[in-house]
Each structure stands twice: as structure tokens, then as C-alpha cells.
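What follows is one structure encoded as C-alpha cells, with my remarks underneath.
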There are 2 protein chains.
Amino acid sequence: MIYDILFKHLEQKIQLSEVEKEIVKSYFIPKTLKKRKLLLQEGYVCKYLTFVASGLLKTYHIDEKGKEHISQFTPEGWWTSDMHSFFHSVPSQYTIDALEDSELLMITAEDFENMTLQVPVMDRYFRLLFQNSLVVKERRLVTAHTLTAEEKYRQLVENNPGLVNRVPQNLLASYLGLTAATVSRLKKNV
Amino acid sequence: MIYDILFKHLEQKIQLSEVEKEIVKSYFIPKTLKKRKLLLQEGYVCKYLTFVASGLLKTYHIDEKGKEHISQFTPEGWWTSDMHSFFHSVPSQYTIDALEDSELLMITAEDFENMTLQVPVMDRYFRLLFQNSLVVKERRLVTAHTLTAEEKYRQLVENNPGLVNRVPQNLLASYLGLTAATVSRLKKNV
DNA sequence: TAAAAGCGTTGACCTGAATCAACTTCATTT
DNA sequence: AAATGAAGTTGATTCAGGTCAACGCTTTTA
């Protein structure tokens with residue numbers, strides 16, 4: 001069941017009683033999202049924090065020249081949203097859509113607040129989650145600044161082999177801050 | 001008093017009883033760090049999560065060519081550490097040192113754990129803190145990928161005017177992933 | 001099953017920022 | 001006050017990666 005996937009992930013970081021599980025469960029709205037469908041559109045407030053139970057989403061931003069910059073891939077077992085938009089109710093800078101048919105569990109900001117007040121250990125869960133995400137983001141920033149295009153691609157292949165086989169190469173390029181042409185060329189040396 | 005600076009910041013996000021304050025206070029070790037002195041050296045485990053009560057620190061990484069890449073400036077009222085090293089007791093990837101004489105409050109990983117168990121609302125504080133940091137890091141990553149050198153510098157001046165007047169230009173360059181020569185040149189157009 | 005769209009490759013060319021190096025302040029030490 | 005060393009500027013040159021465009025191959029869609 002879809003909620004069990006969520007609890008399996010929560011229980012990797014925290015313990016929940018049956019009562020707490022029921023409370024948490026009651027706050028999440030299930031939803032399926034077909035490939036190419038939008039979860040969030042740039043310019044609109046991000047209404048949900050979303051757990052991906054199955055499938056794969058991408059988060060991206062379109063710049064003034066119309067170029068797509070992918071900031072995040074979200075496969076099953078991970079969370080997504082535009083956090084700034086979600087927590088502060090301001091227009092989103094990002095669009096999120098599905099790369100594969102996906103099953104989602106979503107919670108509103110108001111319910112998120114209520115849930116953490118009712119089940120404070122969820123604060124701990126998200127503290128740990130955000131803590132880990134921060135480490136990952138920090139690392140991506142360092143590699144963006146220090147590595148050559150080839151090293152960036154090589155590192156992605158080493159660290160995320162699953163992703164490389166699951167996502168078109170032009171999207172990986174965008175995620176790395178490179179062009180599709182560049183990635184195509186440097187693949188030969190890797 | 002130095003602990004009051006800490007509590008002032010905690011109370012921007014959470015409420016603490018007097019008892020809780022005493023508990024929290026008991027876990028933090030005060031320390032002063034003179035300009036140019038190290039708080040953490042790359043290769044060593046980061047033993048402390050550190051609150052900067054006054055002063056300014058920088059976090060950086062030296063690449064194979066000996067080039068310094070600054071990942072973070074930490075002025076008064078903010079936290080610093082190599083989170084990955086701190087929470088997982090692995091060698092640090094970063095060095096942290098003082099750009100100005102600084103007053104610090106430090107907590108070990110073990111005490112951090114005990115503190116959050118004794119005062120669960122601290123999980124909420126750090127959830128909120130990490131949540132906000134994540135938004136900031138995410139944004140830096142997007143600008144690293146989408147902006148030109150000049151736009152990066154301009155945005156820094158707009159968003160962090162304080163920092164620009166406080167930190168030598170070559171360090172700002174490193175923070176932006178640019179060279180000192182480049183920043184010097186593009187300043188004229190800004 | 002034809003047309004369209006998405007994806008990957010490759011070539012020719014261009015350019016923004018890096019590199020390297022010299023020279024100047026300015027600040028800190030002694 | 002001399003000396004050492006950060007910090008900033010500027011010029012000449014280089015080059016990694018972007019841009020633009022053409023061409024196949026495969027997958028969707030009509």
C-alpha cells in the first residue's frame with residue numbers, strides 16, 4: 001500500500017506509534033501523476049510537499065532565453081516541492097513534472113504545520129531529511145565550481161548510475177549545467 | 001552575554017522555557033577564535049556544530065591545483081560546521097577559519113543528540129534552520145548554472161551588500177566560483 | 001503508416017572567463 | 001621606517017565549453 005512506502009521511509013529515521021501513524025496518514029492526500037503532467041507550475045504557489053512513492057519527477061526552471069535548468073530529480077522514496085514557495089506562500093520559481101507515471105502523497109503547508117505540532121517527532125524526521133539534503137546540495141555546489149565538464153559527468157555516472165540509465169542524456173546535461181552537445185562529446189572519454 | 005545572542009536567535013523560530021534554556025545552555029562550549037585561526041581543518045573529523053555569536057568565518061575547500069573554493073561565509077547569528085563530517089564522524093572536506101576575531105558557541109555531535117532528545121523543540125529549530133539553508137543553497141546552485149559572471153557578481157552585491165563591504169574581493173570571487181581577475185574587471189560595468 | 005517530435009551525434013565556429021604575469025597600493029610586522 | 005605580504009588592477013593570450021545547424025534514429029501521435 002502506498003502509505004506503507006511512506007512509513008517505511010519515515011521509520012528509517014524515526015519511530016512512530018500506531019496512533020501517530022494514523023495521524024500522519026490522515027494528513028496525506030494520495031495522487032497519481034501521469035508522465036509529462038505537471039505537479040507544480042512556475043509562478044503559482046506550491047501548495048504541497050510531496051512524497052514520491054513510485055515514479056520519477058523533475059524540478060526545473062526556465063531562464064529568460066527559454067533554456068531549461070533542472071535542479072532536481074525526485075525518484076521514489078524522496079520528497080519534492082519548491083520549499084520557499086511552499087513554506088512562505090510565494091510564487092514558485094520552479095516547475096515540477098513527471099518523467100514517469102508516478103504515485104504521490106501530498107500534504108499542504110497548513111497540515112504540515114498541524115502534523116508537526118501533533119506529532120513532534122516529525123520535526124525530527126524532517127530535520128534529518130533536510131540535514132542530509134543540505135549536505136548533498138552543498139556538494140553539488142562545490143562540484144559545480146571545481147570540476148570540469150568531464151569530471152562532472154563522470155562523477156554523476158559513479159554516484160548515480162541508476163539515474164543515468166533512467167533519464168535521457170539531454171536532461172542529465174541540464175542537471176549538470178552543461179549542454180546536450182557537450183555531454184554527448186565527452187561521453188567518449190568516460 | 002554570549003548565550004543571550006544564541007537564545008535571541010533560537011527564539012526567532014521557537015519558544016523555550018527557562019528550564020529548557022538552562023539545558024540547552026549547558027551543552028554549549030564558548031570559545032573565541034582569532035582572525036586567521038582554524039576552527040576545522042580538512043581531513044579531520046568536524047567535532048562541533050558552531051554558532052557564531054560575533055565575527056565572521058569562512059568555509060573552504062582546496063582543490064588538487066591548490067586553489068581555494070569558498071563554500072560559505074558565516075557571520076554572527078549563523079551556524080557553521082561540515083555537516084557531513086559532524087553527523088557521520090568522517091574526515092572533513094572543508095577547512096573553516098576566522099576572517100575576523102570571533103566568539104563562538106560549540107556543541108559536539110553526541111551532545112547535540114542528547115540535547116534534541118531532552119529538548120525536542122530543538123529538532124524543530126534545526127528543521128526550520130536547515131529548511132531555510134536548503135532554499136538558499138538551492139538558489140546558489142541555480143545561479144551558478146544560469147548566470148554569467150557579471151550577473152553573479154551583481155546579484156551578490158544586491159543580495160549581500162553587507163558581505164561585499166566586509167570581505168576582500170578575491171574571497172568574494174572564490175565564493176562565486178570566479179577568479180579575482182575576472183571580478184576586478186567586471187566591477188567596472190556594475 | 002505517415003508525420004511529428006524527441007533524442008543523440010557530429011562539425012564549424014565563437015566567446016566568456018581562465019591563466020599567467022607584471023605592477024601598484026595598502027596594511028601589518030619588526 | 002623598512003620590509004613583507006595581502007589585495008587589487010590590467011594586459012596578452014589561451015581554451016573549455018557554448019552556440020548553431022545539419023543529420024539520423026527511434027518513439028509517439030494522429
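Here is the naming used below: chain letters follow the sequence lines, and residue numbers restart at 1 for every chain.
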Is any side-chain heavy atom of K35(A) closer than 4.5 Å to a side-chain heavy atom of L99(A)? no
Surrounding OH of Y60(A) (heavy atoms of other residues, nucleotides or ligands, distance under 6.0 Å), is the total greater than 12? yes
Give me the first and last nucleotide of DNA chain D, going 5' to 3', that has any atom under 4.0 Å from a heavy atom of chain A. dG17(D) to dT19(D)
Quick one: are R185(B) and V183(B) in side-chain contact, heavy atoms under 4.5 Å? no
What is the distance, rounded to the nearest whole Å, between atom CG of N170(B) and atom P of dA27(C)? 15 Å
Using the ring of Y175(B) (Phe, Tyr or Trp, six-membered ring only), decide whether R140(B) places NZ or CZ under 6.0 Å from its centre and within 45 degrees of its axis. yes
Are M115(A) and F126(B) in one and the same hydrophobic cluster, where Ile, Leu, Val, Met, Phe, Trp and Tyr link if side-chain heavy atoms are under 4.5 Å apart? yes
Quick check on the helix from dT1(C)-dA30(D) to dT30(C)-dA1(D): what's the angle between its two end axes, five base pairs per end, to the nearest 10°? 60°
Grab the CD-C1' distance between Q169(B) and dT24(C) for me, whole Å please. 15 Å
Within a 6.0 Å radius of atom OH on Y44(A), are there more than 12 heavy atoms belonging to other residues, nucleotides or ligands? no
Heavy atoms, side chains only, cut-off 4.5 Å: are M106(A) and F28(A) in contact? no
Measure the shortest side-chain to side-chain distance between Q169(A) and S184(A) over non-hydrogen atoms and say whether it is less than 4.5 angstrom. yes
Enumerate the residues from residues 176-187 of chain B whose closest heavy atom to DNA chain D is under 4.0 Å, giving them by residue number; use none for an empty result. A181(B), S184(B), R185(B), K187(B)
Verify the ring-centre separation between F51(A) and W78(A): is it less than 6.0 angstrom? no
Are F87(B) and F112(B) close enough that their ring centres sit under 6.0 Å apart? yes
Residues L156(A), L172(A); criterion side chain to side chain contact (heavy atoms under 4.5 Å, CB included); working and verdict: CA-CA 9 Å; L156(A) 182 73; L172(A) 296 177; 3.9 Å; yes
Considering only heavy atoms from C-beta outward, does the side chain of Y27(B) approach that of N114(B) to under 4.5 Å? yes
With K58(B) as the cation and F73(B) as the aromatic partner, state whether NZ or CZ is under 6.0 Å from the six-membered ring centre and within 45° of the axis. no
Could you give all pairs that pass the side-chain hydrogen bond (donor to acceptor under 3.5 Å, both in side chains) test and reach residues 4-19 of chain B, with sequence neighbours left out? E11(B)-K21(B), S17(B)-E20(B)
Strictly below 4.0 Å, heavy-atom distances to any atom of DNA chain D: list the hits from residues 144-154 of chain A, or just say none. T148(A), A149(A)
Check: V136(A) and N132(A) side chains under 4.5 Å, non-hydrogen atoms: no
Using a cut-off of strictly less than 4.0 Å between a heavy atom of the residue and any atom of DNA chain D, enumerate the qualifying residues of residues 64-75 of chain A by number. K67(A)
